[in-house]
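So the structure is just underneath, and the comments pick up after that.
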Amino acid sequence: EVQLQQSGPELRRPGSSVKLSCKASGYSITDYLMHWVKHRPEHGLEWIGWIDPEDGETKYAQKFQSKATLTADTSSNTAYMQLSSLTSEDTATYFCARDVMDAWGQGASVTVSS
Amino acid sequence: DIQMTQSPSSMSASLGDRVTITCRASQDIGNYLSWFQQKPGKSPRRMIYGATNLAAGVPSRFSGSRSGSDYSLTISSLESEDMAIYYCLQSIQYPYTFGAGTKLELK
């Protein structure tokens with residue numbers, strides 16, 4: 001069974017950074033792209049970008065180009081997303097999703113507050 | 001960026017009703033259109049891909065269709081478990097873009 005297990009909720013100060021993880025089981029992450037999606041109830045879903053864990057190639061939505069950094073560790077079958085220079089606008093739930101978005105992580109809540 | 005205009009933003013319907021949600025694409029997206037269901041506190045679930053293909057495990061009362069640049073998700077007979085927010089997604093051009101969502105509630 002394909003599963004994506006994300007890291008737990010995070011509370012950060014404005015200006016700091018956070019690194020979220022997404023551990024895959026039931027398949028090898030090198031076989032599929034991994035997408036990241038932002039969800040805020042008042043804004044709906046936003047696509048952040050994807051990483052190809054096989055070679056580290058990434059693609060970002062322009063608005064997240066300087067905000068998010070996607071990486072992957074094939075030895076642990078885990079994808080990561082680092083968010084930098086956090087502001088209140090980054091308060092959201094972040095999801096990882098496999099390739100054609102047929103499998104999703106449970107989401108990781110990030111709260112940015114002073 | 002391709003804009004996905006989704007309508008309605010919310011709707012209420014009764015059990016057994018036929019419900020249709022629509023997304024209009026600002027550019028040609030072919031059949032690169034998926035539909036997702038999201039319940040409160042849960043991850044999105046892919047319901048339809050390729051505009052008309054039912055995802056694995058999705059009940060047959062769900063269907064997708066296309067007419068030109070208009071894409072529709074139809075629930076043929078609404079059940080209580082279908083109450084959720086539904087989003088469309090275009091995946092032909094970067095950045096991928098979602099519709100704003102349709103909140104489906106029980107009347």
Side-chain angles (χ1 to χ4, degrees), chain A residues 1-9 20 22-24 26-27 32-52 57-68 70 79 81 92-109 111, chain B residues 1-10 21 23 25-26 29-58 62 64 73 83-105:
Chain A
E1 180 191 5
V2 172
Q3 288 190 336
L4 299 174
Q5 182 65 40
Q6 295 188 239
S7 45
L20 309 180
C22 172
K23 183 172 177 59
Y27 80 102
Y32 297 91
L33 303 181
M34 187 73 80
H35 296 272
W36 290 83
V37 174
K38 178 179 183 180
H39 178 243
R40 291 179 291 175
E42 66 276 19
H43 294 278
L45 300 170
E46 289 183 272
W47 180 77
I48 296 170
W50 57 250
I51 182 169
D52 183 347
E57 181 183 1
T58 54
K59 184 74 176 179
Y60 297 92
Q62 187 169 4
K63 71 174 290 187
F64 292 102
Q65 190 78 38
S66 58
K67 171 63 64 178
L70 305 183
M81 178 173 70
T93 299
Y94 294 87
F95 294 97
C96 57
R98 186 177 78 157
D99 196 21
V100 293
M101 300 189 187
D102 60 340
W104 292 67
Q106 82 276 23
S109 171
T111 302
Chain B
D1 297 0
I2 296 176
Q3 306 303 315
M4 301 301 298
T5 303
Q6 188 170 342
S7 61
S9 57
S10 65
I21 297 166
C23 272
S26 63
I29 63 169
N31 286 333
Y32 287 83
L33 189 285
S34 303
W35 289 97
F36 294 87
Q37 175 195 68
Q38 188 178 27
K39 296 181 179 180
K42 299 295 186 181
S43 312
R45 175 191 180 190
R46 190 179 69 160
M47 308 299 280
I48 300 288
Y49 65 96
T52 62
N53 300 293
L54 198 65
V58 174
F62 289 88
L73 172 71
M83 302 309 145
I85 299 176
Y86 291 85
Y87 297 94
C88 62
L89 168 72
Q90 69 79 18
S91 56
I92 195 172
Q93 183 186 103
Y94 297 121
Y96 291 179
T97 45
F98 290 90
T102 295
K103 186 174 185 179
L104 181 54
E105 298 175 307

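So that the names make sense, note that chain A is the first sequence line, chain B the second, and so on, each numbered from 1. Please read these numbers as outputs of a predicted model, since none were measured by experiment.
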Most chain A-contacting option - heavy-atom pairs closer than 4.5 Å, from B:Ala56, B:Pro95, B:Pro40: B:Pro95

Out of B:Gly101, B:Pro44, B:Ala55, return the one with the most heavy atom pairs under 4.5 angstrom to chain A. B:Pro44

CE/A:Met101 to OH/B:Tyr96 distance, rounded to the nearest 0.5 angstrom? 6.5 Å

Would you mind reporting whether A:Val37 and B:Phe98 have side-chain heavy atoms less than 4.5 Å apart? yes

Could you check if a side-chain atom of B:Tyr87 sits within less than 4.5 angstrom of a side-chain atom of A:His39, using non-hydrogen atoms only? yes

Is the OH atom of A:Tyr27 crowded by more than 12 outside heavy atoms at less than 6.0 Å? yes

Other residues, nucleotides and ligands only: do more than 12 of their heavy atoms fall within 6.0 Å of NZ on A:Lys23? yes

Looking only at heavy atoms, which two atoms of B:Lys42 and A:Phe95 are closest? And how far apart? O-CZ, 3.9 Å

Closest heavy-atom pair and its distance - A:Trp104, B:Ser43: CB-CB, 3.9 Å

Where does B:Ile85 contact chain A at under 4.5 Å (heavy atoms): side chain, backbone, both or neither? neither

Proximity breakdown for A:Val100 and chain B, heavy-atom pairs closer than 4.5 Å: both

Against chain B, label A:Gln62 side chain, backbone, both or neither, depending on which of its atoms sit under 4.5 Å from a heavy atom there. neither

